[in-house]
Visitor: 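Before anything else, here's the structure in question.
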Amino acid sequence: MAIYYELEKNDRTAIYDAAEKWKNECLLNNRSLIWDGESIWTDTNLNRFKSIFVENPDVSGENFDAKFKKQLENESEGVYKFAIELMFIYYIFPYSGSISYKTKMKKLEMIASWKGIDFDQSLPVFDGLKQGLGATGTFYNTSKYFEVSFLFLVAENLKNLPLKNRENMLNDASELKKFADDIRQSVGKKVQILHILLHLLIPEKFERIASWGHKDRIIKAYSNLITDNSITDSDKRLLLIREKLEGMYSNENKKIDFYETPVIAEKWIPAVDNVLTPVEGGETAYWVFQGNPTYYEVNNAVNDLDTITWAVNQHSKNIKKGDKAYIWRSGSGGGIIAVGTILCDPKITQPDIEDPYNRSDVLNKEPYLAVDIQLHTKFIDSIVERTLLLSDERTKRMGILTYPGATNFPVTKEEDGVIESIINGKYEHIPATTPPEVIVKDKKRYWMYAPGEGSGMWEEFYGKGIMGIGWSELGDLKQFPTKNAMKIKMKEIFGEEYSYINDGHATWQFTNEIEIGDIIFAKKGRKKIIGRGVVTSEYIFDDSRKEYKNIHKVRWTHRGEWDHEGQIILKTLTEVTSYTDYYKKLEEMFIDVSDGMLIPDDITPQYESYNSENFLSEVYMNKEKYNTLNNLLIRKKNLILLGAPGVGKTFAAERLAYSIMGEKDKSRVLVVQFHQSYSYEDFIMGYRPTEKGFSLSKGPFYQFCKEAEPDDRPYFFIIDEINRGNLSKVFGELLMLIENDKRGKELRLLYSDEQFSVPENVFIIGMMNTADRSLAMIDYALRRRFAFYEFEPAFGSEGFKKYQASIGNVKFNHLIDTVVAMNTVIEEDDSLGSGFRIGHSYFSSRIDVDNEWLSEIVEYELVPLIKEYWFDEPSKVEHWMNKLRSAIRD
């Protein structure tokens, strides 16, 4: 049975009792639900209500209550009482998360007050409004006219039937559903109250589900339990699923529920950040909620509403009731347009398919995690501008500014203070000393691409200098904010039977990831390459084309037919950038047919500038130490950074390279990691198996040197865990060539009849963890070829102290103090020493510090580390374990 008793508790009987009374007293007779002994559901009252409400919709801009008051004005007491009871039925289903009991009663009292009517709120029937049966979407509240009109029309049409037919209808699930659905179609809206009425009238046969989408999702998730495919009615299929699930998970004392039985719910309710119950408690946090006016009328929504519902796509574990929320309008002239307070923890929310502010048909078609925000300050015409925040030293690194491609962003206490000072007129500008970090393209990408089905569009694409992809029926692909939105639209147009995983991925990449300067390899079938080109434009939707309207402009550099070793992947579009050997072999193939010279790409990527000041703003080091580090690398050309776990060696290595280059050109930086089985064949070159036997494959160091050789600019080869490899074995004959005074000298390579040298402009940076017990120290032959610089924990540095102050978290401060004290003990321990101290980077990855993160750092990073350090001193482990845990307790 689908009757809901909140699993084991029989606490919803008041709702079903009220529904049964409504059916017997009002629908089968003319009596009242609230005023016992009175006749309220009479033809006279129904006809008047139909005339003034259903047939006379108020299209003014006022809210429902104001319009309802005008429609009822001057009507009889009987019509008012009928309206109250009709609205009683409208309010009986939503639980308090959708409409609270207090709100329900206030609404009924308000209607009664318009006519001076009293009713006894202590009557048992009103207990039916207290708890509710389920969630209703925003449409249920914002489109009351359609919901209430449908409710009325069902009641009216039932009452127009002869009594015997009426009784039969209210006991026949199939007939009642057909009857109600015919009326719904006349209303022309997907009203939720259709499902609600079916459940209220025959709860044994219809689930307590108000959402159209939820029913479909459950059926899809449990379709394997439906053995009789002749049954097509959704509610009958749900009933079959329920019967099977009750046999699997229920017993005589326990009911099952599609929402509240976890093992059943988890299969169909979409997971959002793997969280349904947010973290409670903690200090007030600050957040930015971003809205894109292309897809949602943010200005109008903020201007019109006092409370607004906002999706939570990030940080769902940390956002909580009582937190402060800034509303951000993205796009040109973007910035903060309102401030509010979060009214609830993140909760699963039903999509409002008729949200008047929605400008796109791809947003929130499935249940999603969201919060309600009460807006208390609005300044749409005098916003806190993005450009102002970017230019202030204290706010230039806000998440919304440095990586705006998300919905929810944390705000630090310091940033909140700056924003508040702007709002209240007390702002004092502190100019940014360095430009904020922005997202830039790392380097050109490489793509394998099929020009039309069977490569049938190749001649046209080559002749017109374009590349195209299908799916023109979707329109301009830039309208879709997410990959999933594209797939949803594909299902709507082309059918639900396919997942469109690969198609959605390809269209998303074609639209949003292919960039100017990328290399395209055109293929034919699975064995032929027919061309190579360079992308010269962003994505274009060319509506003048008959087909393949989604295009990029391409300068095709090669045309012909080349055999491909092995089979080419089938997909229309595949990025192959990460397969370095593969795309370089393809490029070598074109060099062979171009007399050793590819047609130049003529596109030079622009990179963000980076200097020593940028380095010092990100790495916790003073200028004197930076100069030493810089000079060591320039002089020696080979540098090893060693230090304790978490002192930021890798982070500093990359930024040291950028500071010497003067820009964040990642194409001139390569990072590899050594391990015990790493060999010369992996690093320089060696033979590897192929379909036809073996072929000589070049390793990353060989390829990197060849890329650097014709260029005068510096290149940086970074080796993580350098002491984990057998270095003499890995470098082989190149061990001599990496010395700074041997650069440019040539030696014959082991596997190739080739004279090879390490260019002057290649710098090698290695990282070594001094706390690694399992590794022998680096051998002398390599030691004399490298300079060594030891990194220390930087808890006392000016940079870390500034970062700590920006966090503003007492528990975080206590934890840092405890770690600093423990580091002193580690350094003085004869079996450990300074190389085993705990580094600052364990704590430098967050700006939204919360209890959960602090606990995870202690339990899953620090505690295992000290257990290893003092594996033979359990009392010391216990002592420091307790101190670490105590530091973050309330």
Visitor: Look at the side chain of Glu385 and the backbone N and O of Gly335, then say whether any donor-acceptor pair between them is shorter than 3.5 Å.
Guide: no
Visitor: Compute whether any side-chain donor of one residue and acceptor of the other, for Asn614 and Lys664, lie under 3.5 angstrom apart.
Guide: no
Visitor: Could you check whether any side-chain heavy atom of Ile519 comes within less than 4.5 Å of a side-chain heavy atom of Tyr583, counting everything from C-beta outward?
Guide: no
Visitor: Quick one: do Lys487 and Asp503 make a salt bridge, cutoff under 4.0 Å?
Guide: no
Visitor: Can any side-chain N or O of Tyr449 pair as donor or acceptor with the backbone N or O of Gly468 at less than 3.5 Å?
Guide: yes
Visitor: Below 30° counts as parallel, above 60° as perpendicular, anything between as tilted: where do the rings of Tyr610 and Tyr658 land?
Guide: perpendicular
Visitor: Decide yes or no on side-chain contact (heavy atoms from CB on, under 4.5 Å) for Met398 and Val288, but give the supporting numbers first.
Guide: CA-CA 10 Å; Met398 289 178 67; Val288 168; 4.2 Å; yes
Visitor: Between Arg532 and Glu587, is there a side-chain N and carboxylate O pair less than 4.0 Å apart?
Guide: yes
Visitor: Quick one: closest heavy-atom pair of Thr536 and Ile516, and the distance?
Guide: C-CG1, 3.9 Å
Visitor: Would Glu513 and Arg445 pass as an ion pair if we require N to O under 4.0 Å?
Guide: yes
Visitor: Can you name the closest pair of heavy atoms from Val312 and Phe289 and give their distance?
Guide: CG2-CE2, 4.3 Å
Visitor: Is it the case that Lys489 and Thr507 place a side-chain donor and acceptor less than 3.5 Å from each other?
Guide: no
Visitor: Should we count CD of Gln185 as having more than 12 external heavy atoms under 6.0 Å?
Guide: yes
Visitor: Look at Asp563 together with Lys527 and state whether they make a salt bridge at an N to O cut-off of under 4.0 Å.
Guide: no
Visitor: Which pair of non-hydrogen atoms, one from Ala370 and one from Thr309, has the smallest distance, and what is that distance?
Guide: CB-CG2, 3.8 Å
Visitor: Looking at Gln192, is its backbone amide N or carbonyl O close enough to the side chain of Glu147 to form a donor-acceptor pair, meaning the two atoms are under 3.5 Å apart?
Guide: yes
Visitor: Do the charged groups of Glu473 and Lys549 touch, with an N to O distance under 4.0 Å?
Guide: no
Visitor: When you compare the side chain of Glu460 with that of Met457, does any pair of heavy atoms fall below 4.5 Å?
Guide: yes
Visitor: Under 4.0 Å between a Lys/Arg side-chain N and an Asp/Glu carboxylate O for Asp665 and Arg668?
Guide: yes
Visitor: Got a second to check how far Trp562's CH2 is from Ile529's CD1, nearest 0.5 Å?
Guide: 9.0 Å
Visitor: State, to 0.1 Å, how close Met486 and Trp508 come at their nearest heavy-atom pair, and which atoms those are.
Guide: SD-N, 3.6 Å
Visitor: Closest heavy-atom contact between Ala301 and Tyr296?
Guide: CB-CE2, 3.8 Å
Visitor: Once rounded to the nearest 0.5 Å, what's the spacing between atom CD of Gln479 and atom OG1 of Thr511?
Guide: 10.0 Å
Visitor: Drop me the distance from Ile327's CD1 to Ile308's CD1, to the nearest 0.5 angstrom.
Guide: 6.0 Å
Visitor: Quick one: does Ile319's side chain get under 4.5 Å of Asn408's, heavy atoms only?
Guide: yes
Visitor: Check Tyr715 against Glu707 and note the closest heavy-atom contact, atom names and distance.
Guide: OH-O, 3.7 Å
Visitor: Is any side-chain heavy atom of Ile337 less than 4.5 Å from a side-chain heavy atom of Trp328?
Guide: no
Visitor: Got more than 12 heavy atoms from elsewhere within 6.0 Å of OH, Tyr498?
Guide: no
Visitor: Can a donor-acceptor pair be found between the side chains of Tyr539 and Asn550 at a distance below 3.5 Å?
Guide: yes
Visitor: In terms of the angle between their ring planes, are Trp556 and Trp458 parallel, tilted or perpendicular, with boundaries placed at 30° and 60°?
Guide: perpendicular
Visitor: Do Ser330 side-chain atoms and Gly291 backbone N/O form a donor-acceptor pair below 3.5 Å?
Guide: yes
Visitor: Run Phe494 and Trp471 through ring-ring contact (aromatic ring centres under 6.0 Å, His included) and show every step you take.
Guide: CA-CA 10 Å; Phe494 303 104; Trp471 305 99; 5.2 Å; yes
Visitor: Taking NZ in Lys524 as the centre, count heavy atoms belonging to other residues, nucleotides or ligands within less than 6.0 Å. Is the count above 12?
Guide: no
Visitor: As an exercise, state the distance from OG of Ser234 to CD1 of Ile218, rounded to the nearest 0.5 Å.
Guide: 10.5 Å
Visitor: Just verifying a value: how many Å separate His214 NE2 and Ile348 CD1, rounded to the nearest 0.5 Å?
Guide: 8.0 Å
Visitor: Do the side chains of Ile530 and Pro451 get nearer than 4.5 Å, heavy atoms only?
Guide: yes
Visitor: Side chains of Phe258 and Ile241: does their closest heavy-atom pair fall under 4.5 Å?
Guide: yes
Visitor: With side-chain contact (heavy atoms from CB on, under 4.5 Å) as the criterion, how do Val535 and Ile520 come out once you've worked through the C-alpha distance, each side chain's angles and the decisive distance to 0.1 Å?
Guide: CA-CA 7 Å; Val535 179; Ile520 307 298; 3.6 Å; yes
Visitor: Could you tell me whether the side chains of Lys523 and His564 share a donor-acceptor contact shorter than 3.5 Å?
Guide: no
Visitor: Does any N or O in the side chain of Arg237 come within less than 3.5 Å of the main-chain N or O of Ile231, such that one atom is a donor and the other an acceptor?
Guide: yes
Visitor: Are Asn299 and Arg329 side-chain neighbours, meaning at least one heavy-atom pair lies under 4.5 Å?
Guide: yes
Visitor: Between His552 and Ser537, is there a donor-acceptor pair closer than 3.5 Å when you use the side chain of the first and the backbone of the second?
Guide: yes
Visitor: Please report the C-alpha distance between Leu573 and Met448 in whole Å, then the side-chain angles of each, then the deciding distance to 0.1 Å, and finally whether the side-chain contact (heavy atoms from CB on, under 4.5 Å) criterion is met.
Guide: CA-CA 6 Å; Leu573 183 71; Met448 186 63 72; over 6 Å; no
Visitor: Looking just at side-chain N and O atoms, do Thr307 and Asp372 make a donor-acceptor pair shorter than 3.5 Å?
Guide: no
Visitor: With heavy-atom distances below 4.5 Å as the criterion, would you say the side chains of Thr577 and Trp447 are in contact?
Guide: no
Visitor: Where do Ile336 and Ile383 land on the side-chain contact (heavy atoms from CB on, under 4.5 Å) test, with the steps shown first?
Guide: CA-CA 6 Å; Ile336 296 170; Ile383 71 172; 6.0 Å; no
Visitor: First locate atom CE of Met467, then atom CG of Asp518, and finally report the distance between them rounded to the nearest 0.5 Å.
Guide: 9.0 Å
Visitor: For the NZ atom on Lys528, are there more than 12 heavy atoms of other groups (residues, nucleotides or ligands in this structure) within a distance under 6.0 Å?
Guide: yes
